[in-house]
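What you see is a predicted model; the values in this text were computed from it and never measured.
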Amino acid sequence: MSQDRRQDRRRYGMRIIFFFLAVAAAAAQTVPVDPALEAIASTKWPEQAVVSPDGSRLAWVESGVFASGMGAGDAGAAEIAPGGSCEKNSIAWSPDSKQIAFLSDCAKKDQLQLYVASGMGGVARQLTQLNGLLADPKWSPDGKQIALLFTQDLPRAAGPLDAVPAETGVLESKIFEQRLAVVDVATGAVRQLSPADLYVYEFDWSPDGKSFAATAAHGAGDNNWWIAQLYTISVSSGETKSIYKPPVQQQLAAPRFSPDGKSIVFIGGIMSDEGSTGGEIFQVPAGGGAARNLTPGLKSSASFLMWPKKSRPLYFTEHFDGGSAISKIDPATGQIERLWQGAESINLPFEDIGVSMSDDGGMTGLVRSSWNKPPEVWAGPIGAWAAKTRANSDVRPLWGEAKSLHWKSDGFQMQGWLMYPANFDPTKKYPMVHGGPASAVKPLWPKPGFNPALLSQQGYFVLWPNPRGSYGQGEKFTLANVKDFGGGDLRDILAGVEEAVRTAPVDGQRVGITGWSYGGFMTMFAVTQTNRFRAAVAGAGLSNWQSYYGENSIDQWMLPYFGASVYDDPAVYAKSSAINFIKRVKTPTLIVVGDRDGECPAPQSYEFWHALKTLGVKTQMVVYGDEGHLFHKAEDRKDVLLRMIAWFNENLK
């Protein structure tokens with residue numbers, strides 16, 4: 001994982017990553033897992049696909065930075081130097097479509113610097129000599145400057161998904177602020193603009209190049225994204241002005257200036273995790289004022305914004321009914337037109353992968369992927385894309401077909417994905433699994449990590465419900481589990497299990513549950529509320545919201561969901577705490593966690609495991625050394641998967 005992608009802007013709340021529901025039956029097979037792991041590990045993931053402003057060229061990142069023509073007589077791809085095995089990412093086209101800026105650690109390993117090269121390929125020129133973390137370069141409208149995010153002298157990659165440092169002695173908090181900086185393209189001179197006590201998350205140039213729109217917050221970046229405000233920052237003076245402070249249950253993402261510079265649009269909604277964006281689209285005057293909702297009652301969740309400078313309509317991507325969509329809206333009238341939708345992923349959570357668009361809106365570039373199609377770069381008009389890479393043409397899925405499933409729960413129309421076992425035989429009874437909010441489970445080629453597709457390969461059904469709190473059905477649906485974790489969302493999941501049992505050859509007497517992060521919490525909580533599950537595997541879970549509040553490193557994310565701190569309203573935390581219902585548990589439960597997980601700290605898993613052991617419930621706990629919320633060591637990732645499979649095979653057969 002690159003330095004840039006580990007760092008700054010993605011402050012993940014505990015509700016991210018995976019929540020899986022595994023429903024298993026006696027027909028589960030013992031199949032070697034290595035071929036599937038190798039297929040996943042060998043997949044080449046393009047990190048970006050960026051169209052030039054004039055729509056004539058496409059650049060993407062794939063083990064290097066490449067440029068490819070898109071018109072008649074396409075001559076193929078040209079690599080941008082520096083080459084070799086060094087990291088390259090975060091590409092950006094100059095306004096005249098002649099140059100590409102990007103970040104690379106070719107000069108010094110693990111230290112990114114800013115480079116500029118011709119968009120036709122060739123040798124790159126290093127612009128900066130900085131010490132710290134660089135991210136998200138963007139050219140000024142006149143092409144004379146490049147703005148970027150810079151965290152000076154940062155000693156480690158930021159972000160609570162990585163292992164937190166071991167702390168001893170007197171504990172002190174040193175804050176490293178990510179600031180907005182501008183680099184002179186001619187000289188390489190760097191000027192930091194935003195205040196030293198303000199952490200900037202996202203930004204956009206004004207059309208006249210005189211100011212920026214930015215989301216930012218005072219204090220530690222990891223913990224304060226959930227209270228970020230919308231600011232304008234002067235390019236000449238650095239003067240910083242807050243123009244919009246959102247309500248507590250609204251987080252901000254994707255600020256964009258209008259082409260005339262008079263207003264700023266952004267996505268606003270309840271979001272548990274920076275980088276996993278979903279909500280409605282709002283517009284505020286550039287000088288400040290009330291925010292106007294452009295999409296009230298939207299029956300999807302906006303996830304990415306594109307406002308080409310030669311276009312009247314604003315374009316946006318969406319989470320929609322378990323898939324993806326692209327629409328456009330006329331901000332003056334509010335009229336929305338759906339341009340494309342599909343059962344795939346085009347705008348991935350926690351990645352710098354959106355949809356890139358030319359200045360006239362006629363050409364787009366993106367990375368597309370689904371469960372049966374590995375990721376590739378595509379380009380063309382919306383919905384009429386052509387593949388530009390075939391890097392994974394030899395990779396084949398080793399898991400089963402996935403079908404969209406719908407059911408009713410408490411008046412909501414629910415959706416989820418049911419993946420069938422590999423080599424499915426309709427005459428047999430089989431197994432199942434789920435993934436979760438505030439996000440949306442959409443068809444996506446599997447990535448390394450805690451991965452339920454491997455259960456399909458082992459002969460299980462896999463159910464991925466999108467319960468209330470997820471994206472894809474509008475903001476009311478996403479808000480529906482506020483102050484109700486483990487309540488309505490668990491009912492949605494249980495209803496989904498029954499629908500899967502009703503519609504597919506699943507043995508309803510052999511049902512298991514597993515999950516990671518929010519799914520780890522839901523796994524722990526579910527087995528205290530029902531005996532429906534015969535086996536459980538809780539990864540990076542959470543057993544006691546009251547103690548968790550004082551243990552985790554990102555407590556700000558909890559206030560929008562619980563309404564108050566645990567010190568002001570302990571009861572709302574207590575009712576969703578599995579430990580308070582622990583004596584009801586009968587389900588054999590495997591517990592796995594990283595020893596330096598700052599997001600769902602290991603003591604939460606210890607507390608649950610200790611209680612089960614004391615009460616005589618079959619359990620096992622595995623703690624992985626030097627791992628955080630996401631595991632980075634390949635051997636640990638594999639070990640978790642093998643243990644999960646073995647636990648279900650042992651307890652469900």
Side-chain angles (χ1 to χ4, degrees), residues 2-5 7-8 46-70 77-152 178-193 203-207 209 212 235 309 352 354 356-359 365 377:
S2 73
Q3 182 190 37
D4 179 59
R5 291 167 63 200
Q7 55 91 25
D8 64 321
E47 295 179 20
Q48 286 180 293
V50 186
V51 173
S52 62
D54 65 6
S56 67
R57 306 286 294 177
L58 176 73
W60 68 91
V61 178
E62 180 202 320
S63 303
V65 181
F66 297 84
S68 174
M70 294 192 298
E79 183 172 1
I80 307 295
S85 60
C86 51
E87 179 67 32
K88 309 176 194 72
N89 58 53
S90 301
I91 52 181
W93 282 97
S94 61
D96 62 6
S97 301
K98 294 181 179 180
Q99 298 183 86
I100 292 176
F102 63 96
L103 301 177
S104 175
D105 68 351
C106 287
K108 180 182 178 182
K109 184 174 175 56
D110 294 330
Q111 175 56 67
L112 294 173
Q113 300 292 350
L114 179 64
Y115 288 78
V116 171
S118 166
M120 300 298 291
V123 177
R125 177 169 61 100
Q126 182 178 339
L127 284 186
T128 59
Q129 299 282 347
L130 297 173
N131 182 40
L133 211 54
L134 285 68
D136 202 15
K138 294 179 181 178
W139 292 78
S140 62
D142 64 7
K144 295 180 179 180
Q145 299 180 91
I146 298 173
L148 50 75
L149 298 172
F150 176 46
T151 313
Q152 188 168 356
Q178 178 169 265
R179 300 174 65 185
L180 183 60
V182 291
V183 182
D184 184 270
V185 175
T187 67
V190 179
R191 186 164 53 97
Q192 297 197 62
L193 284 183
F203 70 94
D204 189 40
W205 284 92
S206 64
F212 294 98
V235 175
K309 66 180 183 181
D352 282 334
S356 170
M357 186 171 281
S358 61
D359 281 349
V377 171

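Annotation for Ile91 and Gln48: closest pair N-OE1, 2.7 Å, computed over non-hydrogen atoms. Nearest approach of Ser90 to Pro137, heavy atoms of both residues: O-CG, 3.1 Å. Shortest non-hydrogen contact noted between Gln113 and Leu130 is NE2-O, 2.7 Å. Counting all heavy atoms, side chain and backbone alike, Ala147 lies closest to Leu180 at CB-CD1, 4.3 Å. Nearest approach of Leu134 to Gln111, heavy atoms of both residues: CD1-NE2, 4.0 Å. Minimum interatomic distance between Gly119 and Trp93 (heavy atoms only, all atoms of both residues): CA-CZ3, 3.8 Å.
Within the model, atoms CZ of Arg179 and OG1 of Thr151 stand 10.5 Å from one another, a figure rounded to the nearest 0.5 Å. Summarising the geometry, atom CG belonging to Asp142 is positioned 11.5 Å from atom OG belonging to Ser94; distances are rounded to the nearest 0.5 Å. A distance of 6.0 Å separates CD in Glu87 from CG in Asp105, rounded to the nearest 0.5 Å. Atom-to-atom distance recorded for Thr128:OG1 and Leu112:CG is 9.0 Å, nearest 0.5 angstrom. Distance CD1/Ile100 to CH2/Trp139: 9.5 Å, rounded to 0.5 Å. The structure places CZ of Arg57 at 10.5 Å from OG of Ser97, a figure rounded to the nearest 0.5 Å.
Inter-residue side-chain proximity for Val61 and Phe102 is flagged as unmet; no heavy-atom pair is nearer than 4.5 Å. Between Asp54 and Asp359, the closest side-chain pair of non-hydrogen atoms is not below 4.5 Å. Within the 4.5 Å cutoff, no side-chain heavy atoms of Pro141 are placed close to those of Pro95. Side-chain contact check for Val185 versus Lys144: every heavy-atom pair is 4.5 Å or farther apart.
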Evaluate the side-chain contact (heavy atoms from CB on, under 4.5 Å) criterion for residues Gln126 and Tyr115: first the C-alpha distance (whole Å), next the side-chain angles of each, then the deciding distance (0.1 Å), finally the verdict. CA-CA 4 Å; Gln126 182 178 339; Tyr115 288 78; 3.3 Å; yes
Stepwise, does the side-chain contact (heavy atoms from CB on, under 4.5 Å) test hold for Val123 with Arg125? CA-CA 7 Å; Val123 177; Arg125 177 169 61 100; over 6 Å; no
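Note: Phe212 and Phe203 have perpendicular aromatic rings, judged against thresholds of 30 and 60 degrees for the angle between ring planes.
The backbone N or O of Ser56 sits less than 3.5 Å from a side-chain atom of Ser52, completing a donor-acceptor pair. When atom types are taken as modelled, the side chain of Ser356 and the backbone of Val50 share no donor-acceptor pair closer than 3.5 angstrom. Put simply, the side chain of Trp60 never gets that close to the backbone of Val377: no donor and acceptor are under 3.5 Å apart.
When Thr187, Ile146, Val190, Asp184 are each tested for a side chain to side chain contact (heavy atoms under 4.5 Å, CB included) with Leu127, only one passes: Ile146.
No more than 12 heavy atoms of other residues, nucleotides or ligands sit less than 6.0 Å from atom NZ of Lys98.
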